[in-house]
K.L.:
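Before I ask anything, let me first share the structure, which is written out below as structure tokens.
Chain identifiers are assigned alphabetically (A, B, ...) following the order of the sequence lines, protein sequences preceding nucleic acid strands; residue numbering begins at 1 within each chain. A quick note: this is a predicted structure, and the numbers were derived from the prediction, not measured.
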Protein chains: 2
Amino acid sequence: MLNRHTVERLVIYNRVLKDLAKKNVKWATSEKIAEILFRSPAQVRKDLSFLGKKGKPGVGYNIRSLIGELDSTLGLRKTWGVALIGAGNLGRALFHYPGFKREGFEFRAIFDNNSSKIGRRWGDITVTPITSLNSVVRKRKINIAVMTVPDYAAQEVADKLTAAGLKELLNFAPVTLNVADNVNVRYADLALELENLSYNLNHRALK
Amino acid sequence: MLNRHTVERLVIYNRVLKDLAKKNVKWATSEKIAEILFRSPAQVRKDLSFLGKKGKPGVGYNIRSLIGELDSTLGLRKTWGVALIGAGNLGRALFHYPGFKREGFEFRAIFDNNSSKIGRRWGDITVTPITSLNSVVRKRKINIAVMTVPDYAAQEVADKLTAAGLKELLNFAPVTLNVADNVNVRYADLALELENLSYNLNHRALK
DNA sequence: CACATATTGTGAAATATTTCACAAATAATA
DNA sequence: TATTATTTGTGAAATATTTCACAATATGTG
Ligand SMILES: NC(=O)c1ccc[n+]([C@@H]2O[C@H](COP(=O)([O-])OP(=O)(O)OC[C@H]3O[C@@H](n4cnc5c(N)ncnc54)[C@H](O)[C@@H]3O)[C@@H](O)[C@H]2O)c1
Ligand SMILES: NC(=O)c1ccc[n+]([C@@H]2O[C@H](COP(=O)([O-])OP(=O)(O)OC[C@H]3O[C@@H](n4cnc5c(N)ncnc54)[C@H](O)[C@@H]3O)[C@@H](O)[C@H]2O)c1
């Protein structure tokens, strides 16, 4: 089991390598990869060494085979079922973004608790009442929940999702969720991203 | 100048404290804050100590005054000007989200390069050709750029933004940007978030 | 095949980050 | 006012992460 930071870098290496592959590059050295990502070659090598030995001394890494290894390790060979919770503005943008499907993440359900949304069709999926969460999660093989509900609803929704057996949550609500140890939450907290930038701005101004 | 990790935690403390303040809580100990965030009290204290001494031994931190201190440090007392680059699906959701304005981030311009988008009005802002970037950035006092352009356009757009003098970018395109040292880029790479979850799923499956 | 060149994989060293642990400070109680 | 119960702020210790540095390995060349 790799640590969180390593996995976060692996997904980025994978992205960079796929980009190079698209440009028909066949081999990459740790130095080349590090340069693109502003990291050290040693770190790239150490991270990649967790995949089993794939590099060739004197040459570097074969991009195609490395991508294969990364895809396997990261679980990107499979297609995962995703449920969207909260059929609002952000949810709509995410749902219609084609990139997720391409990477193996398939929206298979949309939940809301507002009767004005329930029953609407988005593409070929109908917005479903959140009360039918448990059965739909089972029937449509949902693995991941993407939460785009308002802040005040987020904890309650997280409780329902975990009760339905979901263990992987991507939360866009600006709230820290309290979940059991065996549940993973990732936060996509966009306001906090801006606040990090504003710290920099503020600090520049003070100099 | 605080390090990146500390700032990332400070913005979260601020969020938690504002939440407590809303519930009319007046004081919080490092232990209480740590508990909410699944962190250690020592880390909370050390982080907060960078703000100047604010805690009272035996009592904890006065929430209102701590929020004030955090807002100052993080630059949240001011209103910052934000430009949206890419008037697409994701851009629309972000633009219409009222939470940013509330936290001091005000969209003051929308840029696109597609003539079918240019001239449209979103709220009280008109989509502007990207060619007028430089003058608009100056006139409307833009501090931050939020990039919601396609991956293939992202580097080119980043180059234009930095040439226009912008130094704080929030990038949603799934691309690592190559920018000068004095430019800050934060990545909101939503597909990578899902890939991190899929690593966990995959690993659970293997156990 | 010997030699030169390039680059990996990885322990050991160097840095960075987090936690510990306790003196100092505050408040409550008697 | 003295005593007790808390909790801060922070050096020092403990962990964690990153980088260094070099032996081992692959390739190319004459
Ligand atoms: N829109 C953005 O660009 C943006 C940016 C940053 C953060 N966010 C955060 O993302 C979340 C969604 O934002 P949005 O703009 O899409 O909001 P929205 O109001 O457009 O959508 C929220 C949806 O959740 C549904 N909902 C409410 N309570 C529910 C419940 N208990 N169970 C199921 N569904 C429920 C609502 O009916 C609505 O359809 C919010 O937490 C917001 O703070 C959004
Ligand atoms: N929509 C999502 O939920 C989502 C999710 C994850 C990542 N993303 C990423 O966010 C970005 C935007 O996604 P989207 O769904 O909004 O795409 P979109 O196609 O709806 O919008 C992109 C907009 O950028 C404009 N544009 C293109 N080139 C430009 C240029 N050189 N200068 C200025 N404007 C330009 C286009 O005209 C368009 O209006 C993409 O990089 C995408 O990969 C989006």
Side-chain angles (χ1 to χ4, degrees), chain A residues 1-14 16-17 20-21 25-70 72-73 176 181 196 199, chain B residues 1-14 16-17 20-21 25-70 72-73 176 181 196 199:
Chain A
M1 187 86 179
L2 303 174
N3 74 54
R4 193 168 58 83
H5 293 295
T6 306
V7 177
E8 286 177 351
R9 287 192 300 267
L10 289 181
V11 300
I12 296 176
Y13 299 150
N14 199 25
V16 166
L17 291 165
L20 290 172
V25 184
K26 300 285 183 243
W27 295 86
T29 64
S30 59
E31 191 167 343
K32 183 67 192 159
I33 297 171
E35 189 193 308
I36 297 172
L37 296 170
F38 304 96
R39 302 188 161 280
S40 80
Q43 181 159 71
V44 172
R45 292 202 297 279
K46 188 151 275 187
D47 286 341
L48 295 181
S49 76
F50 293 122
L51 304 176
K53 306 191 178 175
K54 288 285 136 192
K56 274 197 191 182
V59 181
Y61 298 85
N62 179 282
I63 290 181
R64 181 197 285 267
S65 99
L66 191 51
I67 290 173
E69 208 62 47
L70 282 164
S72 292
T73 300
T176 300
D181 277 356
N196 275 276
Y199 171 80
Chain B
M1 188 82 179
L2 302 174
N3 74 55
R4 195 168 57 85
H5 293 295
T6 306
V7 177
E8 287 177 351
R9 286 193 301 268
L10 289 182
V11 301
I12 296 176
Y13 299 150
N14 198 25
V16 167
L17 291 165
L20 290 172
V25 183
K26 301 282 183 246
W27 296 86
T29 64
S30 60
E31 191 167 344
K32 182 69 192 158
I33 297 171
E35 188 194 308
I36 296 172
L37 296 170
F38 304 96
R39 302 190 161 278
S40 80
Q43 181 160 71
V44 172
R45 291 201 297 280
K46 187 152 275 184
D47 286 341
L48 295 180
S49 76
F50 294 123
L51 304 175
K53 307 191 177 175
K54 286 287 137 193
K56 272 196 192 182
V59 182
Y61 298 84
N62 179 282
I63 290 181
R64 182 198 286 267
S65 100
L66 191 50
I67 290 173
E69 208 61 46
L70 282 164
S72 292
T73 301
T176 300
D181 276 356
N196 276 277
Y199 171 80

K.L.:
Any chance you could measure B:Leu10, atom CG, to B:Thr6, atom OG1, to the nearest 0.5 Å?
P.N.:
6.5 Å

K.L.:
Tell me: CG of A:Asn62 to C1' of D:dA26, nearest whole Å?
P.N.:
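Value for this atom pair: 14 Å.
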
K.L.:
Check every strand shown and say whether B:Arg9 touches a base, only sugar-phosphate, or nothing at a heavy-atom separation below 4.0 Å.
P.N.:
sugar-phosphate

K.L.:
Donor-acceptor check, side chain of A:Tyr199 to backbone of B:Leu2, threshold 3.5 angstrom: yes or no?
P.N.:
yes

K.L.:
Kindly give the atom pairs (protein nitrogen or oxygen, nucleotide nitrogen or oxygen) under 3.5 Å for nucleotides 27-30 of chain D.
P.N.:
from   : atom 1 : to      : atom 2 : distance (Å)
D:dT27 : OP1    : A:Lys56 : NZ     : 2.9

K.L.:
Indicate yes or no: at least one non-hydrogen side-chain atom of A:Ile33 is less than 4.5 angstrom from one of A:Leu17.
P.N.:
yes

K.L.:
To the nearest angstrom, how far is B:Lys32 atom NZ from D:dT8 atom P?
P.N.:
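After rounding, the gap between these two atoms is 13 Å.
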
K.L.:
Quick one: does A:Arg9's side chain get under 4.5 Å of A:Ile12's, heavy atoms only?
P.N.:
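No, side chains not in contact.
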
K.L.:
Identify, residue by residue, the members of residues 34-52 of chain A with a heavy atom below 4.0 Å from DNA chain C, and return them in order of residue number, or none.
P.N.:
A:Arg45, A:Lys46, A:Ser49

K.L.:
Is there a side-chain contact between A:Tyr13 and A:Val16, using heavy atoms and a 4.5 Å cut-off?
P.N.:
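No, too far: nothing below the 4.5 Å cut-off.
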
K.L.:
Give the first and the last nucleotide of DNA chain C, reading 5' to 3', that has any atom under 4.0 Å from a heavy atom of chain B.
P.N.:
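Endpoints of the contacted stretch of DNA chain C: C:dT17 to C:dA27.
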
K.L.:
Are B:Tyr61 and D:dT6 close enough that a side-chain N or O sits under 4.0 Å from OP1 or OP2?
P.N.:
no

K.L.:
Would you mind classifying the nucleic acid contact of A:Lys54 as base, sugar-phosphate or nothing, using non-hydrogen atoms under 4.0 angstrom?
P.N.:
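Result for A:Lys54 = sugar-phosphate.
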
K.L.:
Side chains of residues 56-69 of chain B: which donor-acceptor partners sit under 3.5 Å, not counting sequence neighbours?
P.N.:
from    : atom 1 : to      : atom 2 : distance (Å)
B:Asn62 : OD1    : B:Arg64 : N      : 3.1
B:Asn62 : OD1    : B:Ser65 : N      : 2.9

K.L.:
As an exercise, state the distance from CG of B:Asp47 to OG of B:Ser49, rounded to the nearest 0.5 Å.
P.N.:
7.5 Å

K.L.:
The helix from C:dC1-D:dG30 to C:dA30-D:dT1: angle between its terminal axes, five pairs each, to 10°?
P.N.:
10°

K.L.:
Identify all side-chain donor-acceptor contacts of residues 39-46 of chain A below 3.5 Å with residues at least two apart in sequence or on another chain.
P.N.:
from    : atom 1 : to      : atom 2 : distance (Å)
A:Arg39 : NH1    : A:Gln43 : OE1    : 3.1
A:Ser40 : OG     : A:Gln43 : N      : 3.1
A:Arg45 : NH1    : A:Ser30 : OG     : 3.1

K.L.:
Expressed in angstrom and rounded to an integer, what is the separation of B:Trp27 atom CH2 from D:dT7 atom P?
P.N.:
13 Å

